[in-house]
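Read through the structure below, which is laid out as structure tokens, and then see the notes.
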Amino acid sequence: MRSLRSRVFGACLASMLVVALGGCAGGGHALGTPGAQPIPVGRSTQTIDAGGVGRTFHLYRPQGLPDAAPLVVMLHGGFGNGAQAERFYHWDAEADRGHFLVAYPDGLHRAWNAGTCCGQPQRENVDDVGFLTAMVAAIAHEVPIDRARVYATGMSNGAMMALRLACQSDAFTAVAPVAGTLLTDCSRARPASVLQIHGTADDRVPYNGGPGKAFAINGNPRVDGPSVESVNATWRAIDACGPPTSATTASVTTLRAGCADGRTVELIAVAGAGHQWPGGEPSPLTELAGIPGPSTALDATDTIWQFFTRAH
């Protein structure tokens, strides 16, 4: 038990400690290779070459997917993987209702290089922006997606990676980080709609910024970034937004700003919620990491998809 505790990732959801919670149906293949089978309906596992490294991701293709369908990229948190994210956050069911494709990429060593975090990808300066941008292009080569409706969301370290994508890739129209912060240069970002969801009691990635409570891995520091509200202000400046308005219903407060060209920057704060994906699956390991179960005050997955459908 003591050994396991020492390995808990600094910015992870407790549920992400579960490794490979059920595999994806369908055989894996390399996208774009001669003789490769088309992407099947349902679940499959795919591989592409990114910077000389074979990178994997899982796909969910609903029945009756229309031409020019949207694509949502769901990025797991630290110490998680794509299969775990597919299991815990209910995006497949949302895709069935909304008729869109979902990709669940795997970070190297179960982490993403989000800037000053996280794990081995950050220490080795892995080009995850390049990988994820290439993944979108590879999927578009096989499935007729709408390149103007490609979106990224993520949990914790995956949320930080989603924000890095918004800052440093032009492939994504909108991003929706959950329980993350901005840990990379964003000085050359192009405008994008942004929705942040964050619990006010998050002690891993604190709502008010600064170092979070976490176990270090291989000497890695804790997450230490700006406040959630300052990240929101950064994006309002990038998107040339007007003053935000605030509305509160029960424990959920929404800060919303209309921006140039129809874009929107929003922040949803869930009072009393910790480091979690609201409405997600509870994990038997939450007690181990000292993280409360997901809040039921909000269904983050449905909220994010509705935001994406309105995004410009």
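The figures that follow rest on heavy atoms only: side chains count, while hydrogens, waters and symmetry mates do not. Note that the structure is predicted; figures quoted are calculated from it, not measured. Start at 1 with the first residue, then count along the sequence.
Thr254 and Glu266 form no side-chain donor-acceptor contact under 3.5 Å, judged by distance and modelled atom types alone. Using modelled atom types, one finds a donor on one side chain and an acceptor on the other under 3.5 Å when comparing Asp96 with Tyr60. Between the side chains of His90 and Glu281, at least one donor N or O sits under 3.5 Å from an acceptor N or O. A side-chain donor from one of His58 and Thr45 sits under 3.5 Å from a side-chain acceptor of the other. Looking at Asn232 and Gln196, their side chains do bring a donor and an acceptor atom within 3.5 Å of each other. For the residue pair Tyr207 / Glu229, a side-chain donor-acceptor distance below 3.5 Å is found, with atom types taken as modelled. Residues Ser193 and Trp235 have side chains that never bring a donor and an acceptor to within less than 3.5 angstrom of each other. No side-chain donor from either of Thr56 and Thr47 sits under 3.5 Å from a side-chain acceptor of the other.
For the residue pair Cys241 and Ala257, the shortest heavy atom distance occurs at CB-CB, 3.9 Å. Closest approach of Ala174 to Ala311, counting heavy atoms only: CB-CB, 3.7 Å. Residues Gln46 and Leu59 come closest through the heavy atom pair CG-CD1, 3.7 Å. Closest of all the heavy-atom pairs between Val231 and Pro226 is CG2-CG, 3.7 Å. Nearest approach of Ile48 to Ala138, heavy atoms of both residues: CG2-CB, 3.8 Å. Closest approach of Pro294 and Gly280 over heavy atoms only: CG-O, 3.6 Å.
In the hydrophobic clustering of this structure, Leu108 does not group with Leu132; members are Ile, Leu, Val, Met, Phe, Trp, Tyr whose side-chain heavy atoms approach within less than 4.5 Å, directly or through other members. In the hydrophobic clustering of ILVMFWY residues, with side-chain heavy atoms under 4.5 Å counting as a link, Val178 and Val228 come out apart. Taking hydrophobic clusters as Ile, Leu, Val, Met, Phe, Trp and Tyr residues chained together by side-chain heavy-atom distances below 4.5 Å, Val194 does not share a cluster with Leu267. Under the 4.5 Å side-chain heavy-atom criterion for ILVMFWY residues, a single connected hydrophobic cluster contains both Leu195 and Val102. In the hydrophobic clustering of this structure, Met135 does not group with Val126; members are Ile, Leu, Val, Met, Phe, Trp, Tyr whose side-chain heavy atoms approach within less than 4.5 Å, directly or through other members.
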When you look at Asn125 and Asn113, which way does the side-chain contact (heavy atoms from CB on, under 4.5 Å) test go after all the steps?
CA-CA 7 Å; Asn125 196 27; Asn113 178 12; 3.3 Å; yes

(request) Apply side-chain hydrogen bond (donor to acceptor under 3.5 Å, both in side chains) to the pair Asn81 and His76, showing each step before the final yes or no. (result) CA-CA 6 Å; Asn81 59 29; His76 65 76; over 6 Å; no

Set out, in order, the CA-CA distance, both residues' side-chain angles and the distance that settles side-chain contact (heavy atoms from CB on, under 4.5 Å) for Phe172 and Val73, then state yes or no. CA-CA 9 Å; Phe172 300 89; Val73 177; 4.0 Å; yes

Output, in order, the C-alpha distance, side-chain angles, deciding distance and verdict of salt bridge (Lys or Arg N to Asp or Glu O under 4.0 Å) for Arg55 and Asp128. CA-CA 10 Å; Arg55 301 293 300 266; Asp128 279 325; 3.1 Å; yes

- Message: For Tyr151 and Val175: C-alpha separation, side-chain torsions, deciding distance, then whether side-chain contact (heavy atoms from CB on, under 4.5 Å) applies.
- Response: CA-CA 6 Å; Tyr151 313 109; Val175 300; over 6 Å; no

Problem - Verdict with reasoning, Asp261 to Arg263, per salt bridge (Lys or Arg N to Asp or Glu O under 4.0 Å) - result: CA-CA 6 Å; Asp261 299 319; Arg263 296 183 181 87; 3.3 Å; yes

Would you please test Ser44 and Arg61 for side-chain contact (heavy atoms from CB on, under 4.5 Å) and show each step?
-> CA-CA 8 Å; Ser44 63; Arg61 180 176 184 168; over 6 Å; no

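Ring centers of Phe100 and Trp305: under 6.0 Å apart, within the cut-off.
Between Trp112 and Phe131, the ring planes lie parallel to each other; the angle is under 30°, not in the 30° to 60° tilted range.
Between the side chain of Thr303 and the backbone N or O of Asp299, at least one donor-acceptor pair lies under 3.5 Å. A donor-acceptor contact shorter than 3.5 Å links the side chain of Thr234 to the backbone of Ser230. In this structure, Arg310 contributes its side chain and Gln306 its backbone to a donor-acceptor pair below 3.5 Å. Side-chain atoms of Thr133 never come within 3.5 Å of backbone atoms of Gly130 as a donor-acceptor pair (strictly under, hydrogens ignored). The backbone N or O of Tyr89 lies less than 3.5 Å from a partner atom in the side chain of Thr301, making a donor-acceptor pair. With Asp239 contributing its side chain and Cys259 its backbone, the two residues share no donor-acceptor pair below 3.5 Å.
Annotation: side chain of Thr200 is not in contact with side chain of Val270 (no heavy-atom distance under 4.5 Å). Looking at heavy atoms from C-beta onward, Arg256 lies in side-chain contact with Thr264 at the 4.5 angstrom threshold. Asp92 is not listed as a side-chain neighbour of Glu94, based on a closest heavy-atom distance of 4.5 Å or more. Between Val129 and Met161, the closest side-chain pair of non-hydrogen atoms falls below 4.5 Å. With contacts defined as side-chain heavy-atom distances shorter than 4.5 Å, the pair Thr184/Leu163 does not qualify. Contact of the Leu75 side chain with the Leu165 side chain is registered, since non-hydrogen atoms from C-beta on lie closer than 4.5 Å. Contact check for Ile268 versus His198: no side-chain heavy atoms found under the 4.5 Å cut-off. With contacts defined as side-chain heavy-atom distances shorter than 4.5 Å, the pair Asp185/Cys167 does not qualify.
Expressed to the nearest 0.5 Å, how far CG of Leu183 lies from SG of Cys118 amounts to 7.0 Å. Taking CD1 from Ile304 and CH2 from Trp91, the interatomic distance works out to 5.0 Å, rounded to the nearest 0.5 Å. Atoms CD and OG1, on Gln122 and Thr116 in that order, are 6.5 Å from each other to the nearest 0.5 Å. How far CZ of Arg123 is from CD of Gln120: 5.5 Å, rounded to the nearest 0.5 Å. A distance of 6.0 Å separates CD1 in Ile39 from CD1 in Ile139, rounded to the nearest 0.5 Å. One finds the CG atom of Leu101 at 5.5 Å from the CG atom of Leu71 (value rounded to the nearest 0.5 Å).
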